[in-house]
Amino acid sequence: MSLPDEKQIIAQLADPKQARQAFEQVVRQYSEPLYWKIRRIVLDHDNANDVLQNTFLKAWRSLAEFRQEAKLSTWLYRIAINESLDFVRREKRMKAMDADISLSTRLLADEYFDGDQTQALLQEAVATLPDVQRTVFTMKYFEEMKYSEISQILGVTEGALKASYHIAVKKITAYVQAHEP
């Protein structure tokens, strides 16, 4: 069975008789890539799953607002990024992180984390960045996205993105050097 192209899916989403079935196709097609984009921001598997569900709920409720000015995947990615950042902000406010246990220690204990101590330290360093720098670094470094793509998703100039990325790299480098075992 071949996957319908994006224009076909969008047309089906606009038809109330086909919308539910088309949205199920969207969920099947985009769940895994969105999960990994979310996971890079929220880090924890269970939290990433929760944010992914919230992303699809918000997309379903906002279908009428999708104006097709961007690709469907870009629209979904923007929702996922915003939901991820909202989650991170709520977590910060609730002070959910236990000060006695570092993030890298928690990641190494996570059965779904497949990295080593260096990768855990990198994730810990990334988690210390302000939201915008964290998002830009994640999209550029981990997702290997071009500045033009990031600009379209975040609505920020490429120059500002390059500056944010450069500052993020400096902060991460300093953090890793200060915390290396």
Side-chain angles (χ1 to χ4, degrees), residues 1-92 94 96 103 106-116 119-120 122-124 126-127 129 131-132 134-156 161:
M1 179 178 113
S2 66
L3 294 174
D5 70 6
E6 190 164 296
K7 288 181 182 181
Q8 188 178 7
I9 291 175
I10 290 170
Q12 291 171 345
L13 288 170
D15 179 359
K17 293 178 182 175
Q18 296 181 340
R20 185 179 194 92
Q21 184 178 1
F23 195 77
E24 288 173 5
Q25 175 64 39
V26 168
V27 171
R28 281 191 301 276
Q29 189 171 335
Y30 291 102
S31 284
E32 187 174 345
L34 284 174
Y35 167 84
W36 287 108
K37 290 174 187 347
I38 292 166
R39 176 80 189 262
R40 296 243 186 250
I41 296 172
V42 303
L43 303 178
D44 178 77
H45 168 73
D46 292 330
N47 292 338
N49 274 334
D50 290 346
V51 172
L52 179 62
Q53 285 183 346
N54 289 343
T55 297
F56 283 124
L57 282 171
K58 191 166 202 166
W60 176 252
R61 290 181 186 139
S62 304
L63 272 178
E65 298 168 22
F66 178 58
R67 296 183 303 271
Q68 303 176 32
E69 294 170 357
K71 292 184 348 185
L72 181 63
S73 56
T74 302
W75 181 68
L76 289 169
Y77 194 21
R78 180 176 285 155
I79 293 171
I81 292 289
N82 288 335
E83 288 296 309
S84 299
L85 292 176
D86 287 347
F87 175 84
V88 168
R89 288 181 195 114
R90 281 192 305 273
E91 285 290 299
K92 281 182 182 177
M94 293 171 37
L103 176 60
R106 287 189 4 220
L107 279 173
L108 289 170
D110 183 345
E111 66 182 284
Y112 295 102
F113 181 72
D114 61 356
D116 61 12
Q119 290 165 322
L122 173 62
Q123 290 292 351
E124 187 174 291
V126 171
L129 295 172
D131 294 341
V132 172
R134 179 187 322 184
T135 303
V136 171
F137 182 83
T138 298
M139 295 169 89
K140 182 70 179 152
Y141 182 81
F142 293 116
E143 304 296 330
E144 298 178 355
M145 294 177 72
K146 296 177 181 167
Y147 286 115
S148 58
E149 293 174 282
I150 301 169
S151 176
Q152 184 179 11
I153 291 168
L154 299 180
V156 178
L161 294 172

Just wondering, do L161 and K140 contact through their side chains at under 4.5 Å, heavy atoms?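 Answer no - side chains too far apart.
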Flag the pair V136 / L129 as yes when at least one side-chain heavy-atom distance between them is below 4.5 Å, and no otherwise.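 A side-chain contact under 4.5 Å is absent here.
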Verdict with reasoning, K37 to I41, per side chain to side chain contact (heavy atoms under 4.5 Å, CB included): CA-CA 7 Å; K37 290 174 187 347; I41 296 172; over 6 Å; no
Looking at [X] and [Y], what are the two nearest heavy atoms and their distance?
X: A19; Y: W60; value: O-CZ3, 3.8 Å
X: L43; Y: A127; value: CD1-CB, 4.2 Å
X: R78; Y: I153; value: NE-O, 2.6 Å
X: D44; Y: D46; value: OD2-N, 3.1 Å
X: Y30; Y: S73; value: CE2-CB, 3.6 Å
X: T135; Y: I81; value: CG2-CG2, 3.8 Å

Stepwise side chain to side chain contact (heavy atoms under 4.5 Å, CB included) check, K58 with N82: CA-CA 11 Å; K58 191 166 202 166; N82 288 335; 5.8 Å; no
Without placing hydrogens or testing angles, list every side-chain donor-acceptor pair under 3.5 Å for residues 48-56, not counting sequence neighbours.
| unit_1 | atom_1 | unit_2 | atom_2 | d |
| --- | --- | --- | --- | --- |
| N49 | ND2 | H45 | NE2 | 3.2 |
| T55 | OG1 | V51 | O | 2.8 |

Please check if the number of heavy atoms outside Y141 that lie under 6.0 Å from its OH is greater than 12.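 12 or below, so no.
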Answer yes or no: are there more than 12 heavy-atom neighbours, outside E32 itself, under 6.0 Å from its atom CD?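 Result for CD/E32: open.
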Applying side-chain contact (heavy atoms from CB on, under 4.5 Å) between R40 and each of Y35, F137, F142, report the one that passes.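 Testing R40 for a side-chain contact (heavy atoms from CB on, under 4.5 Å) against Y35, F137, F142 leaves exactly one candidate, F142.
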Rounded to the nearest 0.5 Å, what separates atom [atom1] in [X] from atom [atom2] in [Y]?
X: R90; Y: L85; atom1: CZ; atom2: CG; result: 10.5 Å
X: Q29; Y: L72; atom1: CD; atom2: CG; result: 8.0 Å
X: T74; Y: Q152; atom1: OG1; atom2: CD; result: 5.0 Å

Between R39 and W36, is the side chain to side chain contact (heavy atoms under 4.5 Å, CB included) condition met? List the steps. CA-CA 5 Å; R39 176 80 189 262; W36 287 108; 4.1 Å; yes
In sequence, state the C-alpha distance, the side-chain angles, and the governing distance for Y77 and E143, and then conclude on side chain to side chain contact (heavy atoms under 4.5 Å, CB included). CA-CA 12 Å; Y77 194 21; E143 304 296 330; 3.8 Å; yes
For Q21, what residues pass the side-chain contact (heavy atoms from CB on, under 4.5 Å) criterion, not counting sequence neighbours?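 Not a single residue meets the side-chain contact (heavy atoms from CB on, under 4.5 Å) criterion with Q21.
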Using the salt bridge (Lys or Arg N to Asp or Glu O under 4.0 Å) criterion, which residues pair with R134? Sequence neighbours excluded.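 R134 satisfies salt bridge (Lys or Arg N to Asp or Glu O under 4.0 Å) with no other residue.
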Is there a donor-acceptor pair closer than 3.5 Å between any side-chain N or O of S84 and the backbone N or O of A80?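 Checking the backbone N and O of A80 against the side chain of S84, a donor-acceptor pair under 3.5 Å is found.
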Is the backbone of K146 close enough, under 3.5 Å, to the side chain of E149 for a donor and an acceptor to pair up by distance?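 Yes; judged by distance alone, with no hydrogens or angles, the pair exists.
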